[in-house]
Amino acid sequence: MTTLAIIGAGPGLGAAVARRFGQEGFSVALIARNRTRVDELAATLTAEGITAAGFTANVRDQDSLRTALEQASEQLGPIEVVQYSPLPAKEFMRPVLETVAADLVGPVEFSIYGPVTVAHQVHGSALHWLRSAGLRVEP
């Protein structure tokens with residue numbers, strides 16, 4: 001079965017994407033920092049007839065992200081589609097002239113290390129990348 005991984009899964013965009021892909025027969029891996037949120041969303045989707053499971057990870061923690069993706073693949077099948085849309089922390093949004101190099105550690109982990117970790121973890125499958133900005137990358 002084909003699996004969609006939604007990184008940054010929540011009740012808005014993540015839930016809508018999960019429903020759409022789930023209706024097309026995809027299994028859905030919901031990945032976010034909040035265990036309760038992903039478990040509740042997985043239960044709601046399951047009640048709607050969609051195969052879904054929740055996994056926890058912090059996109060700034062590469063090991064937790066890799067572990068969540070491994071667990072999702074083992075439980076639901078190979079991940080072939082990814083939506084990477086976690087919400088950035090408010091402290092990432094600073095005026096440029098008030099930003100120093102040390103302020104960029106979090107945003108770089110979030111915006112670069114996270115997506116690169118995901119791409120390397122799931123690159124063996126026919127990966128299609130969905131991003132809230134509309135980016136789609138195919139190998």
Side-chain angles (χ1 to χ4, degrees):
M1 185 177 304
T2 299
T3 301
L4 161 70
I6 301 175
I7 300 166
L13 177 63
V17 171
R19 283 187 176 94
R20 181 68 179 105
F21 277 79
Q23 291 166 353
E24 297 298 326
F26 283 75
S27 295
V28 181
L30 304 162
I31 301 172
R33 290 178 296 176
N34 186 306
R35 166 61 71 188
T36 302
R37 182 171 64 188
V38 292
D39 286 346
E40 288 174 356
L41 182 53
T44 299
L45 294 168
T46 299
E48 295 173 12
I50 296 169
T51 301
F55 305 89
T56 56
N58 182 333
V59 298
R60 293 179 60 191
D61 177 348
Q62 294 175 49
D63 289 334
S64 77
L65 195 49
R66 279 190 288 269
T67 298
L69 291 164
E70 287 171 9
Q71 291 171 344
S73 292
E74 290 170 4
Q75 185 173 335
L76 299 172
I79 296 170
E80 295 187 7
V81 179
V82 174
Q83 176 189 344
Y84 187 88
S85 58
L87 289 174
K90 289 180 184 177
E91 63 266 15
F92 293 173
M93 308 302 168
R94 300 185 57 163
V96 172
L97 296 177
E98 295 175 18
T99 302
V100 297
D103 295 332
L104 299 176
V105 172
V108 167
E109 290 172 339
F110 179 89
S111 299
I112 299 172
Y113 295 168
V116 168
T117 298
V118 172
H120 281 273
Q121 187 66 35
V122 300
H123 79 281
S125 61
L127 175 66
H128 295 273
W129 189 272
L130 301 175
R131 189 171 175 148
S132 57
L135 176 66
R136 180 176 170 193
V137 178
E138 297 182 49

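The figures here come from the full heavy-atom set of this structure, side chains too, leaving out hydrogens, waters and symmetry mates.
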What pairs with [X] under side-chain hydrogen bond (donor to acceptor under 3.5 Å, both in side chains), at least two apart in sequence or on another chain?
{"X": "Asp103", "value": "Arg94"}
{"X": "Glu109", "value": "Arg60"}
{"X": "Thr117", "value": "Gln62"}

How close do [X] and [Y] get, counting heavy atoms only, and between which atoms?
{"X": "Arg37", "Y": "Ala9", "value": "NE-O, 3.4 Å"}
{"X": "Thr99", "Y": "Pro95", "value": "OG1-O, 2.9 Å"}
{"X": "Asn58", "Y": "Ser64", "value": "N-OG, 3.0 Å"}
{"X": "Ala18", "Y": "Leu30", "value": "CB-CD2, 4.3 Å"}
{"X": "Phe110", "Y": "Val59", "value": "CD1-CG2, 3.5 Å"}
{"X": "Ala29", "Y": "Ala72", "value": "CB-CB, 3.6 Å"}

Contacts of Arg33 that satisfy salt bridge (Lys or Arg N to Asp or Glu O under 4.0 Å) - sequence neighbours left out: none
Partner set under salt bridge (Lys or Arg N to Asp or Glu O under 4.0 Å) for Asp39, not counting sequence neighbours: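 For Asp39 the salt bridge (Lys or Arg N to Asp or Glu O under 4.0 Å) partners, ignoring immediate neighbours, are Arg35.
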What residues form a side chain to side chain contact (heavy atoms under 4.5 Å, CB included) with [X], not counting sequence neighbours?
{"X": "Thr44", "result": "Arg19, Glu48"}
{"X": "Ile112", "result": "Val108, Val116"}
{"X": "Ala68", "result": "Ile31, Phe55, Ala57"}
{"X": "Pro107", "result": "Phe92"}

Pairs meeting criterion salt bridge (charged side-chain N to carboxylate O under 4.0 Å, His left out) with involvement of [range], two or more places apart:
{"range": "residues 65-79", "value": "Asp63-Arg66"}
{"range": "residues 2-14", "value": "none"}
{"range": "residues 21-32", "value": "Arg20-Glu24"}

Inter-residue atom distance [X].[atom1] - [Y].[atom2], 0.5 Å rounding:
{"X": "Asp61", "Y": "Thr56", "atom1": "CG", "atom2": "OG1", "result": "10.0 Å"}
{"X": "Glu80", "Y": "Thr3", "atom1": "CD", "atom2": "OG1", "result": "7.5 Å"}
{"X": "Ile79", "Y": "Thr2", "atom1": "CD1", "atom2": "OG1", "result": "11.5 Å"}
{"X": "Ser73", "Y": "Gln121", "atom1": "OG", "atom2": "CD", "result": "7.0 Å"}

Side chains of Leu65 and Ile7 in contact at under 4.5 Å (non-hydrogen atoms):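 Answer yes - side chains close enough.
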